[in-house]
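To start, the structure itself, in structure tokens.
Note that the coordinates shown come from a computational prediction; the quantities given were computed from them, not determined experimentally. Chain letters run A, B, ... following the sequence lines, proteins first, then strands; residues in each count from 1.
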Protein chains: 2
Amino acid sequence: MSIANEPRTRLPATAWAVLGLLSFGRELSGYDLKKWADSSLRFFYWSPAISQIYGELRRLEGLGYAETRTASQDELRNKRLYRITPAGRDALIDWLADAPYEPPMLKHGLLLRVWLGHLADPDRLREAIDEHIAHTESMLGELRSAREIAETSPEWAYPALVERWGERYYTSEQILATGLRDDLDAMESGD
Amino acid sequence: MSIANEPRTRLPATAWAVLGLLSFGRELSGYDLKKWADSSLRFFYWSPAISQIYGELRRLEGLGYAETRTASQDELRNKRLYRITPAGRDALIDWLADAPYEPPMLKHGLLLRVWLGHLADPDRLREAIDEHIAHTESMLGELRSAREIAETSPEWAYPALVERWGERYYTSEQILATGLRDDLDAMESGD
DNA sequence: GGGAGCATGTAACGGGTTACATGATTGG
DNA sequence: CCAATCATGTAACCCGTTACATGCTCCC
């Protein structure tokens with residue numbers, strides 16, 4: 001923890017997420033970061049657009065939280081590799097310690113539609129629920145393979161923890177969705 | 001369903017949510033809408049800022065989807081009451097029928113922090129998890145009372161359905177969070 | 001009298017997406 | 001050779017929030 005708590009510019013969570021990706025110690029390009037976000041952050045947070053990642057990287061560099069390697073150009077010359085700096089690490093540690101709890105934000109379009117069920121075609125509603133179950137299924141598949149990779153090394157212990165949480169989360173999403181469909185059926189036949 | 005599918009300006013989901021609030025047939029002010037959103041939409045979607053609601057209402061009015069009563073001023077003169085129009089109803093029905101499935105968006109700050117556990121203080125992490133459980137508990141309380149109200153009239157059948165879903169969702173959030181805490185404990189003692 | 005809640009709005013700002021533009025490399 | 005993927009970036013745009021401004025009413 002840095003003792004001098006300068007009037008650090010308050011960064012959006014996205015910036016911390018990107019810096020967090022770098023905090024595992026590897027040198028990565030914006031492109032790499034995007035792919036990785038797609039296969040990790042996406043499941044419980046969200047994956048920023050690639051253009052935004054490039055923007056955040058430049059901001060982080062400006063703050064001295066990340067740097068691009070200048071010395072000894074190697075492999076692909078058109079690839080710009082970022083690495084976290086000690087200052088960046090410190091800032092991230094401070095953020096993790098200080099950031100106040102914020103309730104998760106959920107925007108569940110499916111539920112919005114059910115909520116407006118008095119104006120919807122019941123079959124279309126069921127269709128949407130099924131689509132959602134299918135989507136969740138594929139998320140589960142991706143999560144499972146992500147976890148298999150993460151569990152190969154203790155370095156990924158915390159990500160693996162989160163992936164285990166994710167598998168439970170999406171499993172429960174499925175149960176919830178089938179419950180919703182059942183309730184819908186019951187309501188329409190019963191009433 | 002309107003047969004003439006004019007090149008309807010694509011509206012953001014927020015606009016449909018606001019129009020949806022009006023679709024239950026009552027005349028409401030922006031202020032009313034905000035309070036209602038806070039106690040319903042918030043649990044599975046999100047509650048727009050009041051300033052945005054005012055903005056959306058003006059847009060909906062411009063599109064002919066909502067109107068403000070001009071005739072016979074009554075009660076409070078400084079209150080502007082909106083009502084859905086038949087065109088607005090039709091547009092909403094079309095949206096419900098046509099809008100493609102979109103996966104729910106989840107931004108779970110707590111999980112982002114756990115994901116970065118290698119840089120976090122384990123006790124601070126547990127603290128955050130507990131805060132989350134407490135928050136969820138209060139959501140559950142609010143949901144339960146919302147459902148009690150909704151179940152008084154068949155008019156609220158679909159909202160009641162969604163509230164039942166919500167209770168299950170937040171209950172499962174709690175289970176998931178305690179599971180996460182247990183995994184965290186196990187990891188730190190076991191390894 | 002004064003604070004809490006009711007009620008409506010504007011302006012500035014930033015966050016984030018989409019679309020566009022460009023070009024290198026790899027593999028079928 | 002052509003498509004897919006790798007790779008980086010800019011510009012326009014809009015969504016949504018915060019902060020600000022105003023004023024009324026109710027009740028302690």
Side-chain angles (χ1 to χ4, degrees), chain A residues 8-19 21 26-39 41-42 45-63 66 68-70 73-82 100 102-103 105-107 109 112, chain B residues 8-19 21 26-39 41-42 45-63 66 68-70 73-82 100 102-103 105-107 109 112:
Chain A
R8 264 191 276 97
T9 37
R10 272 288 165 247
L11 292 174
T14 307
W16 299 116
V18 171
L19 193 57
L21 287 163
R26 287 175 310 173
E27 278 186 316
L28 295 164
S29 69
Y31 195 88
D32 296 331
L33 253 14
K34 170 60 177 164
K35 276 188 305 175
W36 190 15
D38 280 346
S39 65
L41 293 181
R42 206 188 86 209
Y45 210 71
W46 114 101
S47 188
I50 178 73
S51 63
Q52 200 194 354
I53 289 181
Y54 287 125
E56 293 296 349
L57 283 172
R58 259 174 286 122
R59 160 152 54 180
L60 291 171
E61 195 181 16
L63 290 168
T68 82
R69 192 161 36 137
T70 46
Q73 272 80 358
D74 34 22
E75 51 278 75
L76 307 164
R77 196 161 308 259
N78 54 345
K79 207 173 172 177
R80 180 172 259 254
L81 295 175
Y82 286 87
E102 272 182 286
M105 115 140 298
L106 175 69
K107 270 176 100 164
L112 179 59
Chain B
R8 264 191 275 97
T9 38
R10 272 288 167 245
L11 293 173
T14 307
W16 299 116
V18 170
L19 193 56
L21 287 164
R26 286 176 311 172
E27 276 187 317
L28 295 165
S29 68
Y31 195 87
D32 297 331
L33 253 15
K34 171 61 177 163
K35 276 187 306 174
W36 191 15
D38 279 346
S39 64
L41 293 182
R42 207 188 89 212
Y45 209 70
W46 114 101
S47 188
I50 178 74
S51 62
Q52 200 194 354
I53 290 181
Y54 288 125
E56 292 296 349
L57 284 171
R58 257 175 288 123
R59 160 154 52 181
L60 292 171
E61 195 180 16
L63 290 167
T68 81
R69 191 163 34 137
T70 46
Q73 274 77 359
D74 33 24
E75 54 267 86
L76 307 162
R77 195 160 309 256
N78 53 347
K79 208 172 172 178
R80 180 172 259 255
L81 295 174
Y82 286 86
E102 270 181 286
M105 115 143 296
L106 175 68
K107 270 176 101 163
L112 179 59

* Asked: What are the two closest heavy atoms between B:L11 and B:W16, and how far apart are they?
  -> O-NE1, 3.5 Å
* Has B:E61 got more than 12 heavy atoms of other residues, nucleotides or ligands less than 6.0 Å from its CD? -> yes
* Asked: Roughly, in whole Å, what's the span from CG in B:L33 to C1' in C:dA7?
  -> 13 Å
* Any donor and acceptor pair, going by atom type alone, linking the side chain of A:K34 with main-chain N or O of A:P48 inside 3.5 Å? -> yes
* For A:I53 and C:dT17, what is the distance between atoms CD1 and P respectively, to the nearest whole Å? -> 9 Å
* Where do A:D38 and A:S47 come nearest, in terms of heavy atoms and distance? -> OD1-OG, 2.6 Å
* Nearest-neighbour nucleotide for the A:K107 side chain, D:dG16, C:dG16, D:dA7 considered -> D:dG16
* Structure fact -> Output for pair (B:L81 CG, B:T68 OG1), nearest 0.5 Å, gives 8.5 Å
* Shortest side-chain distance from A:S29, nucleotide among C:dG5, D:dT8, C:dG9 -> D:dT8
Please produce a list of atom pairs where a protein N or O lies less than 3.5 Å from an N or O of nucleotides 11-14 of chain C.
none

* Does A:R58 put a side-chain nitrogen or oxygen below 4.0 Å from OP1 or OP2 of D:dT10? -> yes
* To the nearest Å, how far apart are B:M105 CE and C:dG15 P? -> 16 Å
* Asked: Which nucleotide, D:dT17, C:dG16, D:dT8, lies nearest any side-chain atom of A:Y31?
  -> D:dT8
* Structure fact -> To the nearest angstrom, the CG-P distance between A:L57 and D:dA7 comes to 14 Å
* Structure fact -> To the nearest angstrom, the NZ-C1' distance between B:K79 and C:dG9 comes to 16 Å
* To do: Would you kindly give the CZ-to-C1' distance between A:R10 and C:dG15, to the nearest whole Å?
  => 17 Å
* To do: When you get a sec, tell me which of D:dT8, C:dT18, D:dG16 is the closest nucleotide to the side chain of A:I50?
  => D:dT8
* Asked: When rounded to the nearest 0.5 angstrom, what distance separates NZ in B:K107 from NZ in A:K107?
  -> 10.0 Å
* Considering all heavy atoms of both residues, which atom of B:G30 and which atom of B:L57 are nearest to each other, and what is their separation? -> CA-CD1, 3.7 Å
* Asked: Got a second to check how far A:W36's CH2 is from A:R42's CZ, nearest 0.5 Å?
  -> 15.5 Å
* Choose from D:dT8, D:dT17, C:dG9 the nucleotide whose nearest atom is closest to any side-chain atom of B:Q52. => D:dT17
* To do: Considering just the side-chain nitrogens and oxygens of B:Y54, establish if one lies under 4.0 Å of OP1 or OP2 belonging to C:dT8.
  => yes
* Candidate nucleotides D:dT17, C:dG16, D:dT8, ranked by approach to the side chain of B:W46 - the nearest -> D:dT17
* Just compare D:dA7, D:dG9, D:dC15 and give me whichever is closest to any side-chain atom of A:D32. => D:dA7
* Asked: C:dG16, D:dT17, C:dC6: which one has an atom nearest the side-chain heavy atoms of B:K35?
  -> C:dC6
* To do: Check the distance between C:dT10's P and B:R80's CZ and give it to me in whole angstrom.
  => 10 Å
* Ignoring the backbone of A:P48, work out which of C:dT17, D:dT17, D:dA7 is nearest its side chain. => C:dT17
